> 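Pasting in a structure now, in structure tokens, and then I'll have a few things to ask.
Small disclaimer: the values here were computed from a predicted structure and weren't measured. Remember, it's 1-based here, ligands and their atoms both numbered in the order they're listed.
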Amino acid sequence: MMRTRRALAALALVLVAAVTAVTACGKEGSPPVKGPQTDKLPQYTVNTGFRLTDSPTWNKAERRGHLVVGVKEDQPYLGEKDPASGLYTGFDIEIAKMIGASLGFDPKTIRFRTIASANRETALQNGQIDYYVGTYTINDNRKKLVGFAGPYYMAGQSLLVRADEQDIKGPQDLAGKRVCSAAGSTPYQRIQSDYPNAELVAYDTYSVCVDNLLTYQVDAVTTDDAILAGYAAKVPDELKVVGKPFSEEPYGVGVPRSDNALRFAIDDALEANEKNGNWKKAYEATLGLSGVPAPQPPPIDRYPAS
Ligand code: GLU
């Protein structure tokens with residue numbers, strides 16, 4: 001009973017935090033709300049007159065009149081959708097917008113589509129989205145199916161547990177424990193191959209895993225530190241991130257595999273926005289709120305077309 005009530009209170013907090021994140025401010029005299037600071041976000045200059053006629057994806061977007069970008073909607077400070085307004089906020093959303101502006105599209109006109117980890121490759125292959133920005137690790141297996149611009153951020157796999165957890169301090173303690181991750185993700189695959197004694201549970205999204213952690217259905221949630229820090233920051237009394245990151249997860253922008261023109265244009269956009277300060281400003285107004293100061297972005301890997 002006690003457990004359920006505490007868990008419900010925590011869930012309510014997550015929801016309240018998600019809603020207030022966008023409306024900001026709060027009542028007079030109430031403490032400031034920790035959410036994306038809309039007034040601190042960069043304004044991206046639209047590269048009007050830009051053309052990329054070698055890119056089938058760009059040509060299609062140009063005819064349509066706007067970009068369609070795949071993202072996450074339940075990852076605090078990275079990609080979050082406000083259920084009331086339908087607006088998306090977070091670091092990945094800013095990355096999507098700065099790229100859009102460089103490609104000649106007004107970021108305000110981008111249509112965001114929520115796509116879960118397991119469905120990213122098919123969404124790009126079917127042309128459902130023009131590009132994807134959502135904690136998407138670049139690796140050789142995925143490169144057989146899609147292209148990656150970037151990386152624009154370096155994350156690492158970590159563990160989220162309840163605040164009163166004593167036994168789990170790192171992946172070596174997962175034997176016999178129920179561990180939750182998202183289907184089709186690299187953290188899921190790593191537990192499966194490197195920690196086979198863990199009882200692995202998969203859902204479509206990490207927020208469902210976090211609900212299961214708060215209600216004692218699982219003992220830990222595993223994914224990238226950047227994602228877990230956001231959930232922990234929303235309910236610090238209930239959740240904590242433990243141990244050191246145990247992988248490297250370079251985040252890339254997913255594009256259709258054969259569209260090298262689009263991939264290189266996005267590499268250019270990322271490089272330009274890292275140079276002009278937009279990347280750092282965007283980080284500080286979003287992901288920086290979960291406590292980690294802005295790192296140096298990793299070098300762009302402009303791998304040759306194949
Ligand atoms: N970065 C990891 C991946 O791409 C985990 C986060 C996610 O599922 O989006 O699989």
> In plain terms, say whether K280 and E274 are close enough for a salt bridge, that is, a side-chain N and a carboxylate O under 4.0 Å apart.
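Looking at K280 and E274, the cut-off is not met.
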> Could you tell me, atom by atom, which parts of ligand 1 come under 4.0 Å of a heavy atom of K72?
7 (C), 8 (O), 9 (O)
> Any atoms of ligand 1 less than 4.0 Å from a non-hydrogen atom of G134? List them with their elements.
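Atoms satisfying the 4.0 Å criterion: 9 (O).
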> Which of the numbered atoms in ligand 1 are under 4.0 angstrom from any heavy atom belonging to I227?
6 (C)
> If I apply the N/O under 3.5 Å rule, does T186 come out as touching ligand 1?
yes
> Would D224 count as a polar contact of ligand 1, with the cut-off being nitrogen or oxygen pairs under 3.5 Å?
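So ligand 1 has an N or O lying under 3.5 Å from an N or O of D224.
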> Show which atoms of ligand 1 fall inside a sub-4.0 Å distance from at least one heavy-atom site of R120.
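Counting from 1, the qualifying ligand atoms are 3 (C), 4 (O), 7 (C), 8 (O), 9 (O), 10 (O).
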> Are W279 and F91 an aromatic pair, judged by ring center distance below 6.0 Å?
yes
> Using a 4.0 Å heavy-atom cut-off, which part of S117 comes near ligand 1: side chain, backbone, both, or neither?
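For S117, the contact with ligand 1 is made by the side chain alone.
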> Which ligand 1 atoms are under 4.0 Å away from a heavy-atom of S185?
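Counting atoms of ligand 1 from 1, those under 4.0 Å from S185 are 8 (O), 10 (O).
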> So, Y303 versus F148, ring centres under 6.0 angstrom or not?
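Not close enough - the centres of the two rings lie 6.0 Å or further apart.
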> Mark yes or no: K234 above the aromatic ring of Y77, with NZ or CZ under 6.0 Å from the six-membered ring centre and no more than 45 degrees from the axis.
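Geometry flag: set, cation within 6.0 Å and 45°.
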> Given the rule that I, L, V, M, F, W and Y join up when any side-chain heavy atoms are under 4.5 Å apart, are Y195 and I168 in one cluster?
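Linked within one cluster.
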> Assign the ring pair Y283 / Y153 to parallel, tilted or perpendicular, where the plane angle (0 to 90°) is split at 30° and 60°.
parallel
> Report, in ascending order of atom number, the atoms of ligand 1 lying under 4.0 Å from any heavy atom of R142.
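Answer, ordered by atom number: 3 (C), 4 (O), 10 (O).
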> Does a salt bridge link D74 with K81, judged by any charged N lying under 4.0 Å from a carboxylate O?
no
> State whether E271 and R302 are salt-bridged, where the test is any N-O pair (Lys NZ or Arg NE/NH1/NH2 against Asp/Glu carboxylate O) under 4.0 Å.
yes
> Mind checking whether T135 has an N or O less than 3.5 Å away from an N or O of ligand 1?
yes
> Side chain or backbone, does T223 bring an N or O within less than 3.5 Å of an N or O on ligand 1?
no
> Any N or O on Y251 sitting closer than 3.5 Å to an N or O of ligand 1?
no
> Would you mind listing which atoms of ligand 1 come within a distance below 4.0 Å of any non-hydrogen atom of P187?
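Listed by number with element, the hits are 2 (C), 5 (C), 10 (O).
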> Relative to each other, are the rings of F112 and Y88 parallel, tilted or perpendicular (30° and 60° limits)?
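Plane angle between 30° and 60°, so tilted.
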> Give the atoms of ligand 1, by number and element, whose distance to some non-hydrogen atom of Y136 is under 4.0 Å.
4 (O)
